[in-house]
Structure formats: structure tokens, C-alpha cells
Colleague: 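First the structure, which I've put down as C-alpha cells, then a few questions once you've had a look.
Residue indices begin at 1 and follow the sequence shown.
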Amino acid sequence: MKLHVLPISANSHGCLAIIKHLSLESSVAIVDAMGKTRTPEFIAMNPAHCCPTLQFADDSAIWESSAVMRCLCNKFDEKGELYPRDDLELRGKIDMVLDWRNSTFYPELFHIVYMMFGVDVDEEMAKQQFKKLIEVHFPLIQDTFLNGKKFCYSDTPTIADLSLGPLVTLLKGRKKFWEKVPEGIKEYYERVLEAFPGMMEYVKLLEDKALNYDGPGADAEP
């Protein structure tokens, strides 16, 4: 198997964390796909030309970070450490967080963060999206998903945290927005990073880009 990733991308970081945490390097080769996702070879494997992409021995593949993380855990995480096998209620809650992250939380980051990657964003929309993070999404994470626990619905980390936590790095690209992120969210983010030291070399790539970003919106008020 091969895991095609964009090393700087928060969407790849959870999958990379699983490879490192479960010591899967001999079973799953990590392939840097930067600059390769629009090649004919890559598109033949993944017509959506996105990462992460998990390529199987027959050259078929799956993509979307949550699907890839589930697959890796179902195949290699025999103890159910990161994605429980026996506790179906907890598994269902993890699945809910994964789906919420992709359908609700991640889209709200677009205008806040993607100017770092050369994408045109709307500054007024960035303020509106951040306001929704502050008033709706961060309270949901803290009061419902965490609710006194160290990680989402658990005192040990799961793929729910590997999906949600790495996205927080992106917010460091707007210094004044980052200052307004609740301390509870920042503390949760740090717990996720500490739990998966193997992904830090990749997180550092994104963090450095965010902290050094000085283009449009970098100093904007939220």
C-alpha cells in the first residue's frame, strides 16, 4: 500500500500520524505527492486529484482523509486504539465528529485561511466565518465533543482528534484571529499534537508557513 500525501496539508496530517503511531512504515509507503496530483498517472488512480490518497496493491485507491483513516485503522489497528472495534457507541460518536468536521467545520475555514495558499478570499466572509467559529463551533467542540474529557468523547485520542486537531494549525496564519481562539481549543490542540509526536515534522511545515505568512489578511482584525 502507498499513502500519497501533501506533507504540508492538515488534511494529510491525521493519516500520517496513524502511520507513525502504529509503526506502519514497512506496510504503507509514504509518497510525497506535492506537484504530482494533476499528472495523468495520479488522475488515473484518483480522478479527484486530491490528497491523502491510499493506493492498494491492485492500483485502485480511496481518498478523503476520514475514509483513509478509517481504512488504515480497520486494517492495522487490531486493538482498536484509535478507532474502537467493540464500543460501537463510541465508534458512532467518532464517525459523527469526522462527518461534522468535513461537512460543517472545515468549510467555515475557507475564507479565514486559504489566502496563505494564494487563493482569493473575501475578507468580510473571513470575519463572518470566524464569528461563527467563536459563537457556534468552538463551543460545540468544548461543551459537547470534549465536555470535560481530554479528547473527543474519550480520555484517549482517536481518529476524531486526528481529523479535527490538525486544522487548528491553519488559524495561526491570521495573528489577531489566533489571539481570539479560546484557550480551551488551544489546549485541546496541544494535547492532540503531544499525543502524536510522529506527525510533528509535518505539522511544523504548516505551522511555519502560517506563522511566517505576511500577505493579505495576515494582520486583519477578526
Side-chain angles (χ1 to χ4, degrees), residues 3 5-6 8-19 21 48 50-54 62-74 77 81-84 88-114 116-117 119 125-126 128-147 149-173 177-178 181-182 184-196 199 202-203 206-207 210:
L3 178 65
V5 299
L6 302 179
I8 198 171
S9 172
N11 290 320
S12 291
H13 291 167
C15 300
L16 288 163
I18 293 171
I19 300 298
H21 189 75
C50 60
C51 283
T53 294
L54 186 62
I62 62 171
W63 49 94
E64 299 299 334
S65 58
S66 295
V68 172
M69 288 195 293
R70 288 184 180 108
C71 184
L72 289 171
C73 287
N74 285 332
D77 185 13
E81 177 187 358
L82 301 178
Y83 192 41
L88 296 185
E89 290 184 3
L90 177 55
R91 190 179 174 104
K93 291 173 181 176
I94 291 169
D95 286 336
M96 179 185 69
V97 174
L98 293 172
D99 291 347
W100 177 84
R101 180 266 197 199
N102 290 332
S103 65
T104 303
F105 185 71
Y106 187 41
E108 294 289 354
L109 300 181
F110 181 84
H111 292 283
I112 301 172
V113 306
Y114 272 94
M116 291 191 295
F117 302 96
V119 177
M125 279 297 299
Q128 292 178 25
Q129 288 186 325
F130 190 72
K131 184 174 187 289
K132 193 167 184 179
L133 292 185
I134 294 294
E135 295 181 353
V136 179
H137 299 322
F138 287 153
L140 177 63
I141 293 171
Q142 292 184 272
D143 299 338
T144 302
F145 295 168
L146 297 176
N147 193 23
K149 294 188 178 294
K150 294 179 180 178
F151 301 97
C152 291
Y153 294 106
S154 176
D155 282 321
T156 58
T158 70
I159 59 174
D161 307 292
L162 286 176
S163 177
L164 194 55
L167 289 179
V168 178
T169 309
L170 289 162
L171 297 172
K172 295 184 178 184
F177 283 52
W178 178 251
V181 173
I185 295 296
K186 292 178 180 178
E187 291 167 2
Y188 164 64
Y189 167 68
E190 291 299 330
R191 287 196 297 273
V192 175
L193 299 189
E194 289 171 7
F196 298 98
M199 73 172 174
Y202 305 105
V203 173
L206 179 56
E207 183 181 51

Colleague: Between Ser66 and Asn102, do the side chains contain an N or O donor and an N or O acceptor separated by less than 3.5 Å?
Modeller: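 Looking only at side-chain atoms, Asn102 and Ser66 do form a donor-acceptor pair, the distance falling under 3.5 Å.
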Colleague: Identify all side-chain donor-acceptor contacts of residues 155-167 below 3.5 Å with residues at least two apart in sequence or on another chain.
Modeller:
| residue | atom | partner | partner atom | Å |
| --- | --- | --- | --- | --- |
| Asp155 | OD1 | Lys150 | N | 3.2 |
| Thr156 | OG1 | Ser154 | OG | 3.2 |
| Thr158 | OG1 | Ala160 | N | 3.2 |
| Asp161 | OD1 | Cys152 | N | 2.9 |
| Asp161 | OD1 | Tyr188 | OH | 2.7 |
| Asp161 | OD2 | Thr158 | N | 3.0 |
| Ser163 | OG | Arg101 | NE | 3.2 |

Colleague: Output all residues satisfying ring pair (Phe, Tyr, Trp, His ring centres under 6.0 Å) with His137, sequence neighbours left out; order by chain, then residue number.
Modeller: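 Partners of His137 by the ring pair (Phe, Tyr, Trp, His ring centres under 6.0 Å) criterion, ordered by chain and then number, come out as Trp100.
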Colleague: Which heavy atom of Phe177 sits nearest a heavy atom of Phe130, and at what distance?
Modeller: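 Heavy atoms of Phe177 and Phe130 come nearest at O-CZ, 3.2 Å.
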Colleague: Just jot down the side chain to side chain donor-acceptor pair (under 3.5 Å) partners of Asn74, sequence neighbours excluded, or say none.
Modeller: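 Asn74: side chain to side chain donor-acceptor pair (under 3.5 Å) contacts with Arg91.
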Colleague: Of all residues at least two apart in sequence or in a different chain, which pass the side chain to side chain donor-acceptor pair (under 3.5 Å) check with Ser9?
Modeller: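 With sequence neighbours excluded, Ser9 shows a side chain to side chain donor-acceptor pair (under 3.5 Å) to no residue whatsoever.
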Colleague: Assess, by modelled atom type and distance only, whether the side chains of Glu81 and His21 contain a donor and an acceptor separated by less than 3.5 Å.
Modeller: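 On atom types as modelled, these side chains qualify, holding a pair under 3.5 Å.
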Colleague: More than 12 heavy atoms of other residues, nucleotides or ligands under 6.0 Å from NZ of Lys186: is that the case?
Modeller: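 For Lys186, atom NZ is crowded (more than 12 foreign heavy atoms under 6.0 Å).
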Colleague: Just to verify, what does Tyr114 make a ring pair (Phe, Tyr, Trp, His ring centres under 6.0 Å) with, not counting sequence neighbours?
Modeller: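 With neighbours one apart ignored, the set is Phe110, Phe117.
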Colleague: Got a donor-acceptor contact below 3.5 angstrom from the Glu64 side chain to the Thr53 backbone?
Modeller: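 Checked: no pair found.
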Colleague: Restricting to salt bridge (charged side-chain N to carboxylate O under 4.0 Å, His left out), what partner residues turn up for Glu135, sequence neighbours left out?
Modeller: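 Scan of Glu135 (salt bridge (charged side-chain N to carboxylate O under 4.0 Å, His left out), adjacent residues dropped) gives Lys131.
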Colleague: Counting only N and O atoms by type, is there a donor-acceptor contact under 3.5 Å from the side chain of Thr169 to the main-chain atoms of Leu206?
Modeller: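 Flag not set: sc Thr169 to bb Leu206 has no pair under 3.5 Å.
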Colleague: What pair of heavy atoms forms the shortest contact from Pro52 to Asn11, and how long is it?
Modeller: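 Closest approach of Pro52 to Asn11: CD-O, 3.5 Å.
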